[in-house]
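These notes are about the structure you will find just below.
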Amino acid sequence: MSEDSDISLKLNKINNNTWELPCGYKAGMRVPGRLFLSPPLLEILEQGTLEQVANVATLPGIQKYSMAMPDAHLGYGFPIGGVAAFDREEGVISPGGVGFDINCGVRLIRSNLKENDVRPRMQDLLEELFHAIPSGVGSKSRLRVNDGQLDDIFINGARWAVENGYGVPKDVEMCESQGMMEGALIKQVSTKARQRGRPQLGTLGSGNHFLEVQYVDKIYDTKTADAFGLHEDQVTFMIHCGSRGAGHQICTDHLRTLTQASQKYKIDLPDKQLACAPTDSSEAQNYFGAMVCAANYAWANRQVIMHWAREVFQNFFQKDADELGMDLVYDVAHNVAKLEEHIIDNKKQEVYVHRKGATRAFPPGHPEIPAHYKDVGQPVLIPGSMGTASYVLHGTLDAMDISFGSACHGAGRVMSRAYAKREFKGEQIKRELSEMGISVRATQPALIAEEAPEVYKSSSEVVDVVHVLGIAKKVARLMPIGVVKG
């Protein structure tokens with residue numbers, strides 16, 4: 001149950017999966033809160049998450065709603081699973097609406113392999129992946145980039161990786177924003193952030209980051225699945241990681257500046273973690289330019305990891321990449337702010353959309369999705385936990401009106417890592433997953449304990465909410481075979 005069992009009494013029910021937190025809930029709210037939750041997910045919503053939705057609604061220039069996706073839980077300032085859009089002229093930019101792991105994101109790679117080609121050899125394949133791709137806290141890359149190369153990475157993202165031999169040009173086409181955002185300000189990246197980022201390009205990190213080998217066990221939408229190149233019994237590969245120490249340090253550095261800026265511009269904050277500045281201020285734009293650098297770093301990071309994973313598969317199965325059909329389906333960011341054009345009150349308006357633990361879900365025909373997917377919409381990737389299903393969906397036109405073209409990004413935690421380590425034993429979880437036919441490789445058992453399936457909400461429940469609401473529609477379900485954790 002939630003900390004406050006009467007939490008639903010504070011909300012107005014719009015429909016079975018949509019709840020509104022009225023402006024009267026908290027002084028200073030400029031817009032209502034809008035929470036996308038099924039009744040069972042509402043039951044486990046934290047009171048603190050509700051407070052954060054209300055707090056975000058007090059920020060200047062916020063448009064329509066302060067939103068919480070069905071995977072929402074307590075975060076830094078904004079809830080994780082939070083979405084908010086701020087007017088370009090009258091709004092603010094806030095690092096709390098992006099998070100510390102800037103452009104933490106997911107990419108999905110398909111293959112021509114079938115489940116039975118992989119499952120009997122899964123443990124050996126995991127060992128190869130584990131040793132090829134550095135993972136864990138403070139892990140260092142096989143790459144050693146110099147300062148000039150780091151500048152190129154901050155500016156060009158995944159394109160730098162491909163141009164330097166880590167992938168093929170088509171990979172870039174299948175990334176959100178083609179693997180890089182414009183507007184990088186490398187002078188706003190501190191020496192410490194550079195020092196942390198330089199040795200970590202091509203590393204997985206720890207926490208909820210993972211490499212996962214999966215198979216497609218169900219297709220919901222044949223037409224869209226065909227466009228995405230997905231079919232039943234097919235082996236897929238998913239990468240989940242972000243900007244590592246570089247992004248964390250960039251956020252930390254600019255939070256200090258924006259905390260002072262909040263006072264300078266006399267922005268009344270209900271929570272100091274919502275530190276922000278007016279969108280056109282130097283403080284906000286300097287943060288945004290540094291955030292772009294971290295986002296581009298993250299796209300390069302996932303690109304390098306994918307390249308090394310492809311090499312492992314090629315060597316392991318003694319086939320080249322073309323024979324294996326290891327093509328990128330899509331790469332989505334889920335911790336980023338972007339300047340976008342949306343229709344608000346029947347007028348086109350530019351807004352800075354903050355998606356924290358939320359992902360784009362753009363519709364068919366949208367100019368920012370790959371041409372190959374124009375008829376079906378953007379792939380939306382929602383991973384599960386180690387023992388549960390991940391989902392591929394597609395964006396819809398309704399999402400643009402409901403949620404600024406945004407969907408949830410995962411299952412969402414219901415238990416802290418510290419509590420999980422007290423409740424679960426890594427070796428026991430590993431045995432239970434093995435009995436389910438899922439192999440796991442991690443640097444230490446504690447990492448498996450803190451990421452146990454029970455730590456997360458039901459991915460199926462979360463995905464059903466966005467599907468029923470029409471924010472994103474289900475295309476395929478992926479089941480794990482083997483997982484590498486940092």
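The basis for the numbers below is simple: all heavy atoms, side chains too, and nothing from hydrogens, waters or symmetry mates.
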* To do: For S458 and E461, run side chain to side chain donor-acceptor pair (under 3.5 Å): C-alpha distance rounded to whole Å, both residues' side-chain angles, the deciding distance at 0.1 Å, then the answer.
  => CA-CA 5 Å; S458 163; E461 183 83 28; 5.2 Å; no
* To do: Kindly indicate, with the supporting measurements, whether the criterion side chain to side chain donor-acceptor pair (under 3.5 Å) is fulfilled by N12 and W19.
  => CA-CA 6 Å; N12 297 324; W19 307 80; over 6 Å; no
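To the nearest 0.5 Å, atom CG of residue L21 and atom CG of residue L50 are 5.0 Å apart. Once rounded to the nearest 0.5 Å, the distance linking CD of E427 with CD of E432 reads 12.0 Å. Between Y330 atom OH and Q378 atom CD the span is 4.0 Å, to the nearest 0.5 Å. Between atom CD1 of residue I93 and atom NE2 of residue H354 there is a gap of 6.0 Å, rounded to the nearest 0.5 Å.
Under the side chain to side chain contact (heavy atoms under 4.5 Å, CB included) criterion, N315 pairs with no residue at all, not counting sequence neighbours. Contacts of Y166 classified as ring pair (Phe, Tyr, Trp, His ring centres under 6.0 Å), with partners at least two apart in sequence or in another chain: H307. A search for ring pair (Phe, Tyr, Trp, His ring centres under 6.0 Å) contacts involving Y76 returns F100, not counting sequence neighbours. Residues meeting the side-chain hydrogen bond (donor to acceptor under 3.5 Å, both in side chains) test with Q214, sequence neighbours left out: E212, T236. Considering only residues two or more places apart in sequence or on other chains, R310 meets the side-chain hydrogen bond (donor to acceptor under 3.5 Å, both in side chains) condition with D171. Not a single side-chain hydrogen bond (donor to acceptor under 3.5 Å, both in side chains) links Q200 to another residue, sequence neighbours left out. Listed by chain and number, the residues in a ring pair (Phe, Tyr, Trp, His ring centres under 6.0 Å) with H231 amount to none (sequence neighbours excluded). In this structure, the ring pair (Phe, Tyr, Trp, His ring centres under 6.0 Å) partners of Y373, at least two apart in sequence or on a different chain, are F228. Checked against side chain to side chain contact (heavy atoms under 4.5 Å, CB included), I155 has the following partners two or more places apart in sequence or in another chain: A184, I186. Scanning for side-chain hydrogen bond (donor to acceptor under 3.5 Å, both in side chains) contacts around R121 gives an empty result, with sequence neighbours left out.
A cation-pi arrangement is present between R142 and W308, with the terminal nitrogen or guanidinium carbon under 6.0 Å from the aromatic centre and inside a 45° cone about the axis. Annotation: cation-pi geometry satisfied between K474 and Y220 (NZ/CZ under 6.0 angstrom from ring centroid, within 45° of ring axis).
The backbone N or O of G410 lies less than 3.5 Å from a partner atom in the side chain of D71, making a donor-acceptor pair. Here the side chain of T388 pairs no donor or acceptor atom with the backbone of S459 at under 3.5 angstrom. For N103 (side chain) and A295 (main-chain N/O), a donor-acceptor pair under 3.5 Å exists by modelled atom type. Side chain of K356 to main chain of G96: a donor-acceptor pair is present (N/O by atom type, distance under 3.5 Å, no hydrogens or angles). Judged by distance alone, with hydrogens and angles left aside, the side-chain atoms of K218 form no donor-acceptor pair with the main-chain N or O of A476 at under 3.5 Å. For the pair T359 (side chain) and V332 (backbone), a donor-acceptor distance under 3.5 Å is absent. The closest donor-acceptor contact from the side chain of R119 to the backbone of G437 lies under 3.5 Å. In this structure, the side chain of N335 engages the main chain of G357 through a donor-acceptor pair within 3.5 Å. A donor-acceptor pair is defined here as one N or O able to donate and one able to accept, closer than 3.5 Å; such a pair exists between the side chain of S403 and the backbone of A399. The backbone N or O of V53 lies less than 3.5 Å from a partner atom in the side chain of S66, making a donor-acceptor pair.
Of all non-hydrogen atoms in L230 and V329, the two that sit nearest each other are CD2-CG2, 4.3 Å. Closest approach of P134 to A132, counting heavy atoms only: CD-O, 3.6 Å. Minimum interatomic distance between A298 and S243 (heavy atoms only, all atoms of both residues): CB-N, 3.8 Å. Nearest heavy atoms, A361 versus A472: CB-CB, 4.5 Å. Listed here is the closest heavy atom pair of I250 and M291: CG2-N, 4.2 Å. Residues I102 and G247 approach most closely at CD1-O, 3.6 Å, considering heavy atoms.
Every pair passing side chain to side chain donor-acceptor pair (under 3.5 Å) that includes a residue from residues 151-161 is listed here, sequence neighbours excluded: D151-R194, R159-Q178. Listed by first and then second residue, the ring pair (Phe, Tyr, Trp, His ring centres under 6.0 Å) pairs involving residues 381-411 are H334-H409, H342-F404 (not counting sequence neighbours).
Counting only heavy atoms from C-beta outward, the side chains of T203 and I133 never approach each other to under 4.5 Å. Side-chain contact between F36 and V466 is absent, with no heavy-atom pair separated by less than 4.5 Å. Using a 4.5 Å cut-off on side-chain heavy atoms (C-beta onward), R107 and M238 make no contact. No side-chain heavy atom of K473 sits under 4.5 Å from any side-chain heavy atom of L393. Residues P95 and V98 fail the side-chain proximity criterion, which asks for heavy atoms closer than 4.5 Å. Residues F210 and M386 are not in side-chain contact: their nearest non-hydrogen atoms beyond the backbone lie 4.5 Å or more apart. V380 is not listed as a side-chain neighbour of V392, based on a closest heavy-atom distance of 4.5 Å or more. Put simply, the side chain of L185 does not reach to within 4.5 Å of the side chain of V292, judged on heavy atoms.
For Q63 and D87, the side-chain atoms include no donor-acceptor pair closer than 3.5 Å. Using modelled atom types, one finds no donor on one side chain facing an acceptor on the other under 3.5 Å when comparing Q234 with S111. Judged by distance alone, the side chains of K338 and S177 do bring a donor and an acceptor atom under 3.5 Å apart.
The only option from H209, R244, H248 that meets the side chain to side chain donor-acceptor pair (under 3.5 Å) definition with D101 turns out to be H209. The residue from R360, K348, R88 that alone fulfils the salt bridge (Lys or Arg N to Asp or Glu O under 4.0 Å) condition with E340 is R360.
Counting non-hydrogen atoms of neighbouring residues, nucleotides and ligands closer than 6.0 angstrom, the NZ atom of K319 reaches no more than 12 such neighbours. Within 6.0 Å of atom CG in D345, 12 or fewer heavy atoms from other residues, nucleotides or ligands are found, so the atom counts as exposed in its surroundings.
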